[in-house]
Amino acid sequence: MPELPEVETTCRGIEPHITGNDLQSVSVLQPSLRWPVPDSIEKLAGCRVGRVWRRAKYILIDVNRLTSNRSKGAPAGTLIIHLGMSGSLRICSNNTELRKHDHAEFRFHNGVCLRYHDPRRFGCILLSEQDVSEHALLSKLGPEPLSEAFDGKHLHRLSRKRKTPIKNFIMDSHIVVGVGNIYASESLFSAGIRPGRSASRVNAAQCDALAAHIKRILGNAIEMGGTTLRDFVNSEGSPGYFSQQLQVYGRSGEACRECGDGIKNKVIGQRSSFYCPTCQS
DNA sequence: CAACGGACCTGCCTGC
DNA sequence: TGCAGGCAGGTCCGTT
């Protein structure tokens, strides 16, 4: 479920419910996620949620102290939440019944409750008590795909000596963040580049096209996520709002929408990779 | 450095 | 119907 558009949609969906809201309690029901959930997050009770933002696929929630005098308004820290392969965050009320795989719960004074749900437990919940951008998980990340810092020149410059497949290259978070397995295949299809081609063999013009398609496809998907925002908190399972837009992902054996040839599925870097052998070279 | 494989988990689908 | 096997949208880490 969570590629960048889902993570962005999640941020936008939870933000209005929790920003400015005061935490009554934080409970860890299952600390065994990708890394142990620190006990210290339970001490955020009594704090007020500030900004809800995102870096790559990490959801970041600033939390400030409210308690006495001097420390009032001082940052208590930033929650770092990753949804892994199967995670989700949902807003409910504090008497909503817990579901299987609800691993953490943030209850607010006004009755709102934020729950972290993750069957596969590949995600994480961490607390950074310093400048979160210096956190080991965030400090070495490449640019955001929708920012001006990311463009074809960036891709071209960094790929010159890289023989790794271009698909692996664009999924490398040191190069650019937020390009997951689905959108990597989709972007490469639009750019006419086979996923297995060596990164160093993608020329400057193709890098320009690839970067532009990554921006377009991710941007569109985020916009569509936005259209489901209204009932976001109630939604069960994956929305599937982009599945109709997919040109190659998950379509092996089906006809290419451009040329009619059969879509292929090849494992590259241990991940399924879909492409059209005629449209992509 | 770069490349690669393994690791972390559960659920769901397929085929015998 | 049961069960083994394969597969899944992420990404860090250790080894070569």
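By convention in this document, chain letters (A, B, ...) are assigned in the order of the sequence lines, proteins followed by strands, and residues within each chain are numbered from 1.
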(request) May I ask you to decide if the ring planes of A/Tyr58 and A/His82 are parallel, tilted or perpendicular, using 30° and 60° as cut-offs? (result) perpendicular
Candidate nucleotides [options], ranked by approach to the side chain of [X] - the nearest:
X        : options               : result
A/Asn181 : B/dG11, C/dG9, C/dC12 : C/dG9
A/Ser32  : C/dC12, B/dC9, C/dT11 : B/dC9
A/Phe122 : C/dG10, B/dG11, C/dA8 : C/dG10
A/Arg34  : B/dG11, B/dC9, C/dC12 : C/dC12
A/Lys163 : C/dC12, C/dG10, B/dA3 : B/dA3
A/Arg271 : C/dT11, C/dC7, B/dG11 : C/dT11
A/Gln270 : B/dG6, C/dT11, B/dT10 : B/dG6
A/Thr164 : C/dC12, B/dC4, B/dC9  : B/dC4

Between [N] and [X], is there an OP1 or OP2 to side-chain N/O distance shorter than 4.0 Å?
X        : N      : result
A/Ser185 : C/dG9  : no
A/His82  : C/dG10 : no
A/Ser86  : C/dG10 : no
A/His174 : B/dC1  : no
A/Tyr249 : C/dG9  : yes
A/Lys100 : B/dG11 : yes

(message) For a 4.5 angstrom cut-off between non-hydrogen side-chain atoms, does A/Asn21 reach A/Asn110?
(response) yes
How long is the line joining [atom1] of [X] and [atom2] of [N], in whole Å?
X        : N      : atom1 : atom2 : value
A/His103 : B/dC8  : NE2   : P     : 16 Å
A/Leu83  : C/dA8  : CG    : C1'   : 16 Å
A/Ile125 : C/dT11 : CD1   : P     : 16 Å
A/Asn168 : B/dA2  : CG    : C1'   : 12 Å
A/Ile268 : B/dG5  : CD1   : P     : 13 Å
A/Phe274 : C/dG9  : CZ    : C1'   : 11 Å
A/Asp172 : B/dA2  : CG    : C1'   : 10 Å
A/Met171 : C/dA8  : CE    : C1'   : 13 Å

(message) Could you check whether the side chain of A/Arg120 and the base of C/dA8 have a donor-acceptor pair of N or O atoms closer than 3.5 Å, going by distance alone?
(response) yes
(request) Classify the side chain of A/Arg121 versus the base of B/dC9 as yes if they form a donor-acceptor pair under 3.5 Å and no if they do not. (result) no
(request) Give A/Phe169 one of three labels, base, sugar-phosphate or nothing, depending on what nucleic acid heavy atoms sit under 4.0 Å from its own. (result) nothing
(message) Regarding A/Leu137, tell me which of base, sugar-phosphate or nothing describes its non-hydrogen contacts under 4.0 Å with the strands shown.
(response) sugar-phosphate
(message) Under a 4.0 Å threshold between the charged nitrogen and the carboxylate oxygen, would A/Glu144 count as salt-bridged to A/Arg55?
(response) yes
(message) Quick test of your reading of the model: are A/Arg107 and A/Glu105 salt-bridged, counting only N-O distances below 4.0 Å?
(response) yes
(message) Quiz question: by atom type and distance under 3.5 Å, do the side chains of A/Gln206 and A/Arg197 form a donor-acceptor pair?
(response) yes
(message) For the residue pair A/Lys266 / A/Ser273, report whether a side-chain donor-acceptor contact shorter than 3.5 Å exists.
(response) no
(request) Please state the P separation for the pair C/dC3 and B/dC9 - nearest whole angstrom. (result) 25 Å
(request) In whole angstrom, give me the gap between the P atoms of C/dC7 and B/dG5. (result) 15 Å
(request) Mark yes when over 12 heavy atoms from residues, nucleotides or ligands other than A/Lys215 sit less than 6.0 Å from its NZ; otherwise mark no. (result) yes
(request) Give a yes or no on whether the backbone of A/Gly123 and the side-chain of A/Asp118 come within a donor-acceptor separation of less than 3.5 Å. (result) yes
(request) Taking Watson-Crick and G-U wobble pairs with both distances under 3.5 Å, convert DNA chain C into its dot-bracket string, 5' to 3', dots for unpaired and | for cross-strand pairs. (result) .|||||||.|||||||
(request) Could you point out which residue of A/Glu258, A/Arg216, A/Gln247 forms a side chain to side chain donor-acceptor pair (under 3.5 Å) with A/Ser190? (result) A/Arg216
